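Every heavy atom of this structure was used, including side-chain atoms; hydrogens, water molecules and symmetry mates were not. Model, not experiment: these values are computed from the prediction. Per chain, numbering begins at 1; letters A, B, ... match sequence-line order.
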Amino acid sequence: MKEKYYITTAITYANAKPHIGHAYEEIATDVLARWRRVTGYDVQFATGSDEHSSNVEARARELNQPPQEYCDRMAEVFQNTWQALNVSYDQFIRTSDKRHHQAAKEIVRRVQAAGDIYPGHYEGWYCNSCENYYIETELKDGLCPTHGIKAVWLSEENYFFRLSRFARPLLEHIAKHPEFIQPVSRYNEVMNIINSGLKDISISRASTQWGIPFPDDPEHIIYVWFEALINYLSAIGFPDDMETFNRFWPADIHVIGKDISRFHCIIWPAMLMAAGLDLPKQVFGHGFIHLKGEKISKTRGNVLDPLELVRAYGVDPFRYVLLASGNFAGDRDFSEEEMVERYNSDLANDMGNLLNRTLTMVEKYCEGRVPKPPEAKDLTVMSDLSMMPELQWRMPEIWEELEKSTPQDMTLRKTAVNLYSMFDQAMEKMDFSGALAIVWNLVKQANKYIEESSPWSLFKQGKKIEGHDYDHVNLVMYNLLEVLRLVALYIHPFMPGTTPRILAQMGYAPEQKFEFPEDSYWGRLPSGQKIAKGEPLFPRIERDKVLKP
RNA sequence: CGCGGGGUGGAGCAAUGGUAGCUCGUUGGGCUCAUAACCCAAAGGUUGCUGGUUCAAGUCCAGCCCCCGCAACCA
């Protein structure tokens with residue numbers, strides 16, 4: 001049986017349509033999910049929408065719609081957006097789903113039964129516009145700092161979650177599992193918060209109706225955060241389908257934005273402990289996207305619609321550029337200029353052009369078929385050495401011989417053969433730009449290799465490999481095609497639509513399936529296959545056309 | 001005020017205390033298989049400031065300056 005892998009994004013808040021920041025998280029998580037799938041895991045990838053809370057209710061009221069109807073529409077917008085971005089989620093969980101209601105109530109009951117919920121009351125300065133409490137020092141002359149209206153002293157009867165009790169168990173758990181909170185900067189942050197003391201938190205609201213009723217007290221609804229986190233359980237069947245649930249829980253990773261790490265690294269694990277469930281193995285709080293140094297902000301109005309970028313540049317280029325620079329742990333800057341630059345330099349010039357020029361040469365020098373590599377017999381032997389791919393290049397004597405006469409060919413092969421472990425390591429560290437850089441290093445090397453071996457003159461001279469009756473140009477072309485095949489495979493998690501396009505031009509059937517690591521071994525490209533050169537993968541974008549009026 | 005993240009060649013980013021690298025851009029040259037693409041070379045940095053520790057500091061310590069985020073809609 002395959003090993004399971006359960007991965008989630010944060011569910012999207014239904015008060016506005018998704019912007020590029022949401023897309024960033026969805027795409028990054030999708031890349032991880034896809035990589036796990038091709039490397040043989042049984043993956044569940046869950047995402048969804050967070051639909052309760054007074055903000056959502058207020059937004060619906062503004063639009064003169066019942067909250068449920070409004071949320072139905074938003075959930076559709078989210079799903080359409082993720083599909084347009086080619087996000088391969090398995091579950092889309094809505095917090096207004098019946099199954100989620102059941103899960104949330106069940107968790108509250110369990111935590112209650114454990115004695116970690118008690119009735120109490122909450123009071124403080126309350127702004128009717130933000131529907132939020134403030135502490136005295138936050139107010140400016142008794143006025144709400146955001147709305148400038150008078151705050152009122154309000155007192156509410158609420159249920160409280162005994163969060164304070166969990167400081168010690170949390171610290172113990174983190175000590176035992178230091179990888180629980182990633183990256184380190186988030187870890188430090190969370191440790192600071194825990195060490196400075198945890199207070200019990202109010203987990204019910206009586207002021208609104210839009211939410212999940214508190215078990216046995218329908219006057220109250222469950223506070224959104226407390227309830228929303230439970231989506232990670234309801235998405236995989238809790239509490240109805242415990243078989244599926246038990247297969248996939250605990251989550252292997254929650255991918256979230258750095259701003260909500262305290263909820264995921266403190267409240268959430270405490271809730272799970274209280275309810276007697278295992279904790280997720282890891283929470284990764286990624287950095288934010290800034291647009292030309294500025295924070296994305298609805299009030300600033302600089303939100304970039306991911307769908308517009310997809311329309312202008314294509315899904316795969318968008319996905320690529322989003323993850324090809326910066327680092328996922330820290331913040332990263334993005335601009336449409338960067339989009340165009342990286343599209344042109346990496347996709348059009350480096351990779352697209354490599355495919356194009358290679359296929360042209362195969363047509364001219366090899367009659368449009370994948371040439372036979374020298375001593376195909378030995379190549380088969382090499383595939384059997386697949387258990388140690390990093391040793392492949394050393395084994396057969398033929399290659400040692402070749403190395404003497406054609407050192408460039410061997411250098412290229414070595415790079416290609418070492419790809420898998422390096423790529424996998426980068427993915428393990430959530431280093432997307434690093435993983436792509438590793439692949440692009442091979443692409444660049446292949447372009448250089450063409451220059452150094454100049455197949456056009458090998459062909460004109462009919463040059464043979466030293467000591468063999470074998471046209472050197474065929475070796476060069478085979479190596480290039482093999483590099484392209486590997487590149488196509490490795491970029492699949494990032495650019496799932498591009499892989500089949502490359503393979504098709506190389507003569508594969510459209511439905512060609514592959515898996516790692518087997519298909520990443522050198523020499524899997526069958527010779528004799530007729531190539532089918534097509535249109536350039538990524539035609540260059542002319543700068544002038546881009547800069548909008 | 002508090003907490004957190006940063007300040008590295010024109011731009012965006014890297015560097016277990018040990019010759020400061022990468023991508024893009026710029027300049028010059030080369031090639032002709034290719035999407036005016038590709039390859040080579042060069043220019044461009046006293047790593048925010050000031051002290052300190054060390055044989056050795058972008059990296060550690062102290063102080064200061066500046067930018068950004070959280071706290072307060074937004075991954």
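Nucleotides B/A37 and B/G30, compared at atom C1', are 15 Å apart to the nearest Å. Comparing B/C68 with B/C1, their P atoms are spaced 15 Å from each other, to the whole Å. Between the P atoms of B/C3 and B/U8, the separation comes to 25 Å (whole Å). Taking the P atoms as reference points, B/U26 lies 33 Å from B/U59, given to the whole Å. Comparing B/C49 with B/A41, their C1' atoms are spaced 37 Å from each other, to the whole Å. Using atom P as the reference point in both B/A43 and B/C55, the two lie 35 Å apart (nearest Å). Atom P of B/U53 sits at a distance of 35 Å from the matching atom of B/A11, rounded to the whole Å. Nucleotides B/G45 and B/A71, compared at atom P, are 41 Å apart to the nearest Å.
For the pair A/Gln505 CD and B/A34 C1', the interatomic distance rounds to 13 Å; values are reported in whole Å. Separating the CD1 atom of A/Ile193 from the P atom of B/G4 is a distance of 10 Å, rounded to the nearest angstrom. Rounded to whole Å, atom P of B/C39 lies 11 Å from atom CH2 of A/Trp456. Atom-to-atom, CD of A/Glu341 to P of B/C24 comes out at 10 Å; the value is rounded to the nearest Å. The separation between A/Ile289 atom CD1 and B/G5 atom P is 21 Å, rounded to whole Å. Here the P atom of nucleotide B/C33 and the CG atom of A/Leu484 are 18 Å apart, to the nearest Å. Atom CD1 in A/Ile11 sits about 11 Å away from atom P in B/A75, given to the nearest Å. One atom, NE2 of A/His290, and another, C1' of B/G12, lie 14 Å apart when rounded to the nearest Å.
Here A/Leu354 lies out of heavy-atom contact (under 4.0 Å) with every strand. At a threshold of 4.0 angstrom between heavy atoms, the contacts of A/Gly326 with the nucleic acid are absent. At a threshold of 4.0 angstrom between heavy atoms, the contacts of A/Asp331 with the nucleic acid are absent. Counting any heavy atom pair closer than 4.0 Å across all strands shown, A/Asn353 reaches a base atom. Among the protein residues, A/Ala348 comes within range of the nucleic acid bases, having at least one heavy atom under 4.0 Å from a base atom. Residue contacts for A/Ser325: at a heavy-atom cut-off of 4.0 Å it reaches no nucleic acid atom on any strand shown. At the heavy-atom level, A/Pro455 lies nowhere under 4.0 Å from the strands shown. When heavy atoms are screened at a 4.0 angstrom cut-off, A/Tyr365 is found touching the sugar-phosphate backbone but no base atom. When heavy atoms are screened at a 4.0 angstrom cut-off, A/Asn192 is found touching the sugar-phosphate backbone but no base atom.
In the set B/C33, B/U35, B/A75, B/A75 carries the atom at the smallest distance from any side-chain atom of A/His22. Residue A/Ser345 places its side chain closer to B/C24 than to any other of B/U32, B/C24, B/C74. Nearest to the side-chain atoms of A/Thr360 among the listed nucleotides B/C68, B/A75, B/C33 stands B/C33. When distances are taken from the side chain of A/Glu25 to each of B/A34, B/A75, B/C73, the shortest belongs to B/A75. Comparing B/C38, B/U35, B/A75 by their closest approach to the side chain of A/Arg540 singles out B/U35. Of the listed nucleotides (B/U32, B/C74, B/C38), B/C38 has the atom at the smallest distance from the side chain of A/Asp350. Picking from B/C38, B/C13, B/C33 the nucleotide with the shortest atom distance to the side chain of A/Asp333 gives B/C13.
With sequence neighbours excluded, no residue satisfies salt bridge (charged side-chain N to carboxylate O under 4.0 Å, His left out) with A/Asp50. Here A/Glu179 pairs with nothing under the salt bridge (charged side-chain N to carboxylate O under 4.0 Å, His left out) rule; sequence neighbours left out. Not counting sequence neighbours, the partners of A/Tyr232 by the ring-ring contact (aromatic ring centres under 6.0 Å, His included) test are A/His254, A/His264, A/Trp268.
Ring pair A/Tyr187/A/Phe180: centre-to-centre distance not below 6.0 Å. Aromatic ring centres of A/Phe538 and A/Tyr320: separated by at least 6.0 Å. Here the two rings, on A/His22 and A/Phe78, have centers that are 6.0 Å apart or farther.
Taking each heavy atom of A/Ile438 and A/Ala426 in turn, the nearest pair found is CD1-CB, 4.2 Å.
By the 4.0 Å N-to-carboxylate-O rule, A/Arg73 lies too far from A/Glu51 to be salt-bridged with it. Comment: A/Asp316 does not engage A/Arg501 in a salt bridge, judged by the lack of any side-chain N to carboxylate O separation of less than 4.0 angstrom. Salt bridge status for A/Asp471 with A/Lys464: present, with a side-chain N to carboxylate O gap under 4.0 Å.
The ring pair (Phe, Tyr, Trp, His ring centres under 6.0 Å) pairs that include a residue from residues 353-372 of chain A are A/Tyr365-A/Phe459, where partners are two or more places apart or lie in different chains.
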Base-pairing string, 5' to 3', of RNA chain B - Watson-Crick or wobble, under 3.5 Å, | interstrand: .((((((..((((....[..)))).(((((.......))))).....(((((..]....))))))))))).....
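Results of the ring pair (Phe, Tyr, Trp, His ring centres under 6.0 Å) test with A/Phe161 over A/Tyr223, A/Phe226, A/Trp225 single out A/Phe226 as the only residue that passes.
Along RNA chain B, the nucleotide nearest to A/Arg262 and the one nearest to A/Asp346 differ in position, and the one closer to the 5' end is contacted by A/Asp346. Map A/Thr12 and A/Asn349 each onto its nearest nucleotide of RNA chain B; the residue landing nearer the 5' end is A/Asn349.
Residues of residues 434-452 of chain A having a heavy atom closer than 4.0 Å to RNA chain B, listed by number: A/Lys444, A/Asn447, A/Lys448, A/Glu451.
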